[in-house]
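One structure is given below, encoded as structure tokens.
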Amino acid sequence: MIELEGLTKRYGEKVAVNNLSFTVRPGIITGFLGPNGAGKSTTMRMVLGLDRPTAGDVRINGKHYDQLTDPLTYIGALLEAKAWHGGRSAYNHLLCLAQSNGIPATRVREVLDTVGLSAVARKKTKGFSLGMGQRLGIAGALLGDPRILMFDEPVNGLDPEGIHWIRNLMKTLAGQGRTVFVSSHLMSEMALTADHLVVIGQGRLLADTSMADFIAENSRSFVRIRTPHRERLLDALHGAGIEVVDSGAEVLEVDGDKSEAVGELAARNQVVLHELSPQRASLEEAFMQLTAESVEYHAHDGQPAGPVPPQQQQQPQQPWGSDWKRG
Amino acid sequence: MSTPQPPTPQAAPDWHPAPASPYPTYTSPIPVVRTTLVHALASEWTKIKSVRSTMWTLGVFVLLVIGIGLLTGAVVANSSSDLAGESALSLGFFGLLLGSICVITLGVMTTASEYGTGMIRTTMTACPSRGRVLTAKAIVFFLVAFVVTLVSATLVALAHVAMLEGNGAADPTGTEWLKGTVGVSLYIALLGLLSLAVGSVIRHSAGAITIMIGVLLAPLVIALFMFSESLKDVQQALFEYSIPNQMSIFYANSLSESGPSGWDPLWILLGVTAAAFAGAFALLEKRDV
């Protein structure tokens, strides 16, 4: 369990993390979501005692990180890709970590096997691809077989097979009763993996809710209709007391799960329908709405490049919208 | 200690979450160890020997010390020059002076390169006691640097004594042997240790190496260009306390007759290194990684 209490980090004038309080519980995957520059990595570094908080407190199973004598068996972390010396082999990199925590050397082989790097164990990590680097980072996190795992953007740079592997790995780890805390800037990714959701923007807590609640609250369901007999359908819908949200040229939208009602109504009135499809507003949109304020504030801050505009976050790798409903 | 079961999540399908507590918890079969400095030392030893740059810098060091040592020995032995009772050990100085740049480089790299690669975050996550990490690095590096220097310097000294018997060199006394091998090796290793502390403060390999080479050579070079009479005293002090001159004191052939003598250079460098480490430890605790 990770507990944050009023955690704050200031770099000069800039507040990177602002009074964050939440708890990461065991047995589930907690997604840590926020746009780029929201303070996710800073928060994770403070959990690991790498950055000193300006104010507030963070505890791991009730202890400060620097009170853990063999931290790798408590908490394993993947912080950033390639946080190691490129001239060292994967085996030696993991070996020196294992030694520092008194973990048996046999464990190095096991984690290399788990992440599928056994074949390149003796190769220098310099030549590793981004995906191989992520796997080595995850091997380091698993080394101490810890109760808590923390992954910072684990799917970055992974191919679809790798992404699939990470998702299943996280689910397996959480299923074993471990605490899994994973950050991402992709709502779509979180929707597929996380059970609980912590959203931050501008270093402030925006939401701390279960994934199911977030979906229920934030995804509007509606029915999308296209018809060449627009006026007749509008009259019929109006007559039946169904409210229509006219969403431009060809398309009509009706709030709620009313596709059956609309279809039957159209049939009764002999209206031709070209499309009648139940829809849900994307979670990505909900996420963007939630963080819009903080992102906007950022953009007005006079910073040249600014954060990634929301549009760019809107491109998930897969048409995920259908996927999450199954899960 | 029982053999740990393969605790990988995927390789161990027979594992189940421990039964109910308020939250499900996971118990690892890996034995919990209370880690000490010994663990950190083992880790740093693995680190220092598993990168090629260590082998390179130490290899070049040995090559310089022994190569230049044998070369100067051969030149002097084949010339008609008479050492007139000087100790043969003093010829080892030139190789060690150049070689010290390698030790400085290795010392800086031991700490600073971790900041360049990002390894430091992994290291500090594995061992949250920052002081312990720096202590372990210092001990491992010092022992490596001292042993390698001692072996090279002793080999060169033995060779010189054998080569220069016919040139009127005096047989070195016990103290001369001690100073020309152990003494100068301690000095070089300490110089490397100072570099390690500087690397930890600067956190940038190239910057820290530049500073240390400046410390090594600048006082002598600056002193060379101090022609003004009014700066005579400053010039004298720069000469006497420059690292090359202090190194030469171990061979009793100082550039000047005043200034530090005997084992003084070692105590001076020890004081400077201790101060640098005090600063390095304080900054390490204070700064973010």
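Within every chain, numbering begins at 1; the chains are lettered A, B, ... in the order of the sequence lines, protein sequences first and strands thereafter. Since the structure is predicted, the reported quantities are computational estimates derived from the model, not experimental observations.
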Using every non-hydrogen atom in the two residues, find where [X] and [Y] come nearest and quote the distance to one decimal.
| X | Y | result |
| --- | --- | --- |
| B:S50 | A:R88 | OG-NE, 2.9 Å |
| A:Y65 | B:M124 | CE2-O, 4.3 Å |
| B:K47 | A:C96 | CG-SG, 3.7 Å |
| B:P128 | A:L68 | CG-O, 3.8 Å |
| B:A126 | A:P71 | O-CG, 3.2 Å |
| A:H85 | B:S113 | CD2-OG, 4.0 Å |

Tell me, for [X] versus chain B, whether the close heavy atoms (under 4.5 Å) come from the side chain, the backbone, both or neither.
| X | value |
| --- | --- |
| A:K126 | neither |
| A:I75 | neither |
| A:Y91 | neither |

Check whether any side-chain heavy atom of A:K124 lies under 4.5 Å from a side-chain heavy atom of B:R52, and answer yes or no.
yes
Test item: B:T125 and A:L50 side chains (from C-beta on) under 4.5 Å apart, heavy atoms:
yes
Nearest 0.5 Å, please: how far is NZ in B:K49 from CG in A:N92?
8.0 Å
Which value, rounded to the nearest 0.5 Å, describes the distance between A:L94 atom CG and B:T46 atom OG1?
11.5 Å
Under 4.5 Å from any heavy atom of chain A, what part of B:K286 do you find: side chain, backbone, both or neither?
backbone
Side chain, backbone, both or neither: which part of B:T122 has a heavy atom under 4.5 Å from chain A?
both
What option among A:H93, A:R147, A:R109, A:M46 has the most heavy-atom pairs under 4.5 Å with chain B?
A:R147
Does atom [atom1] of [X] have more than 12 heavy-atom neighbours, drawn from other residues, nucleotides or ligands, at distances under 6.0 Å?
| X | atom1 | value |
| --- | --- | --- |
| A:H64 | NE2 | yes |
| A:E3 | CD | yes |
| A:R122 | CZ | yes |

Contacts of residues 132-156 of chain B with chain A (heavy atom under 4.5 Å):
none
Strictly distance-based, threshold 3.5 Å: is any side-chain N or O of B:S43 a donor or acceptor partner for the main-chain N or O of A:L97?
no
Donor-acceptor pair, distance only, cut-off 3.5 Å: does the side chain of B:D288 make one with the backbone of A:R52?
yes
